[in-house]
Amino acid sequence: MKQFQKVLVGLDLTEMDQILIEKTGKLVDLLGIEKIYFVHVEKDLALPTEVIKTYPDLLAPVDEAIERSIREKAQKFIPAKVEIDISVKEGDPMATILRWSKIKNIDLLIMGRKIVLEGSGTLSKNLAQKAPCSVLFLTENLKVKEIDNFLVPVDFSEYSHLTLSLMEELAQKFKAKITCLHIYEVPKGYYKTGKSYEEFAQIMLKNAQKEYGEFIRKNKLPEYDCKYVLKEDKHASKYILEVAKGLETDMILMGSRGRTDSAALLIGSVAERLVHLNYEIPMLIYKTKGENMGFLEALFKV
């Protein structure tokens, strides 16, 4: 697999770091990872004056101490064949990681999502929006060897095709099952046809099933099991999460945009909302590499 050779893992010096490093190590062969950049960003690396006065023997630079701690963990869990680069930076975490992703031409950004461990996960959500590459969210409870079921939301767009093509390769590596999910809805003007809401819902379901069949045939994809959910009073992201939990999904994989979000600057609204909602199920947001590069160039005035 050549999609994710260069990976950047964002660390925050919490318990989540060891979980991320360990799980990334287990993904090396499955994802074809060849080089890992471990990056930690602090707004200020300087020791407080009071601490220096109290402990004058603390002469080692803080960044070197942090780097040494990260390296010790990495050496335990990352296979020796993988090249490791550790960077401890000072500045704005999001801007620094985005810049590093661009400079190092990163294929995949790996971030942690915390259910009970300390940390709000705000950085992860913002990076999902703006990263120029795919983003993988790993949760505390993920057991890499037990990934058996993937859920792939599809809207029959080109992004769905790209996502399923990647998913097929991943599923073979993990020996996992793929289930597709399509969310359909009844158009607001349905009553003008003289049909009831329920009747039109059936029409839209049959249309979605027909579209799925055409999508599979056109792109020469295997005919995966596909679940169809009628969108009524909730955002599509909530339906995705409900279905994922109901199917005991081990990982959600979705394209960053779809037909309704093709003009969006960053990731589409469904993927964005799902990132905000989901702390429990590992998730891969798939982007074509360099997707937000124009945004980054404007941001950094390159």
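The shown structure was predicted, so the numbers you read here are calculated from the model rather than taken from an experiment.
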Smallest heavy-atom separation, Asp107 atom then Gln3 atom, equals CB-O, 3.2 Å
When rounded to the nearest 0.5 Å, the distance separating CZ of Arg68 from NZ of Lys73 is 12.0 Å
NZ (Lys26) and CD1 (Ile78) are apart, to the nearest 0.5 Å, by 11.0 Å
With no hydrogens and no angle check, is any side-chain donor or acceptor of Asp17 less than 3.5 Å from a backbone partner on Leu13?
yes
The reported gap from OG in Ser134 to CG in Leu109 (rounded to nearest 0.5 angstrom) is 9.5 Å
query: Can any side-chain N or O of Asn149 pair as donor or acceptor with the backbone N or O of Asp250 at less than 3.5 Å?
result: no
Note to self: Looking at Lys227 and Thr179, would you say the former's side chain and the latter's main chain have a donor-acceptor pair under 3.5 Å?
What the structure shows: no
Any donor-acceptor N/O pair, Ser237 side chain to Val270 backbone, under 3.5 Å: no
| request: Side-chain contact test, heavy atoms from C-beta onward, threshold under 4.5 Å: evaluate it for Tyr286 versus Leu136 and give yes or no. | output: no
Side-chain donor/acceptor of Thr96 to backbone N/O of Gly91, under 3.5 Å
no
Lys177 atom NZ: more than 12 heavy-atom contacts under 6.0 Å = no
Between Ala74 and Phe38 the two heavy atoms that sit nearest each other are CB-CE1, 4.0 Å
pair Lys102-Leu98: side-chain heavy atoms closer than 4.5 Å
no
Checklist entry - How about Phe174 and Phe150: are their ring centroids closer than 6.0 Å? => result yes
Does the side chain of Lys218 come within less than 4.5 Å of Ile216's, by heavy atoms? no
Using only atom types and a distance under 3.5 Å, with no angle test, would you say the side chain of Asn278 pairs donor to acceptor with the backbone of Glu280?
yes
Donor-acceptor contact present, side-chain Glu72 to main-chain Ser69, <3.5 Å: no
### Message
Check whether Lys287 reaches the backbone of Gly255 with its side chain - one donor and one acceptor, N or O, closer than 3.5 Å.
### Response
no
- Report yes or no: do Lys35 and Tyr37 form a side-chain donor-acceptor pair below 3.5 Å? yes
* **Leu127 side chain reached by Val135 side chain, heavy atoms, under 4.5 Å** => no
Would you say the side chain of Leu20 lies within less than 4.5 Å of the side chain of Leu11, judging by non-hydrogen atoms?
yes
> Any side-chain heavy-atom pair from Tyr212 and Tyr228 closer than 4.5 angstrom?
Replying inline: yes
Worksheet entry | Close side-chain approach of Glu140 and Met16, heavy atoms under 4.5 Å | yes
For Ile97 and Val41 the tightest heavy-atom approach is CG1-CG2, 4.2 Å
Counting C-beta onward and ignoring hydrogens, is there a side-chain heavy-atom pair between Leu230 and Met204 closer than 4.5 Å? no
Exercise for the section: Verify the distance criterion only: is there a donor paired with an acceptor across the side chains of Glu168 and Gln172 at less than 3.5 Å? Expected result: yes
* Indicate yes or no for a side-chain donor-acceptor contact from Thr249 to the backbone of Lys245 under 3.5 Å, with no hydrogens or angles considered. => no
- request: Would you please indicate if the ring centroids of Phe156 and His161 are separated by under 6.0 Å?
  value: no
* **Exam field: side chain His182 to backbone Val154, donor-acceptor pair closer than 3.5 Å** => yes
| message | Looking at Tyr239, I'd like to know if the NZ or CZ of Lys234 sits under 6.0 Å from its six-membered ring centre while staying within 45 degrees of the ring's axis. | response | yes
To the nearest 0.5 Å, atom CG of Leu181 lies from atom CD1 of Ile252 at 9.5 Å
Tightest non-hydrogen contact, residues Ser160 and Pro153, listed as OG-O, 4.5 Å
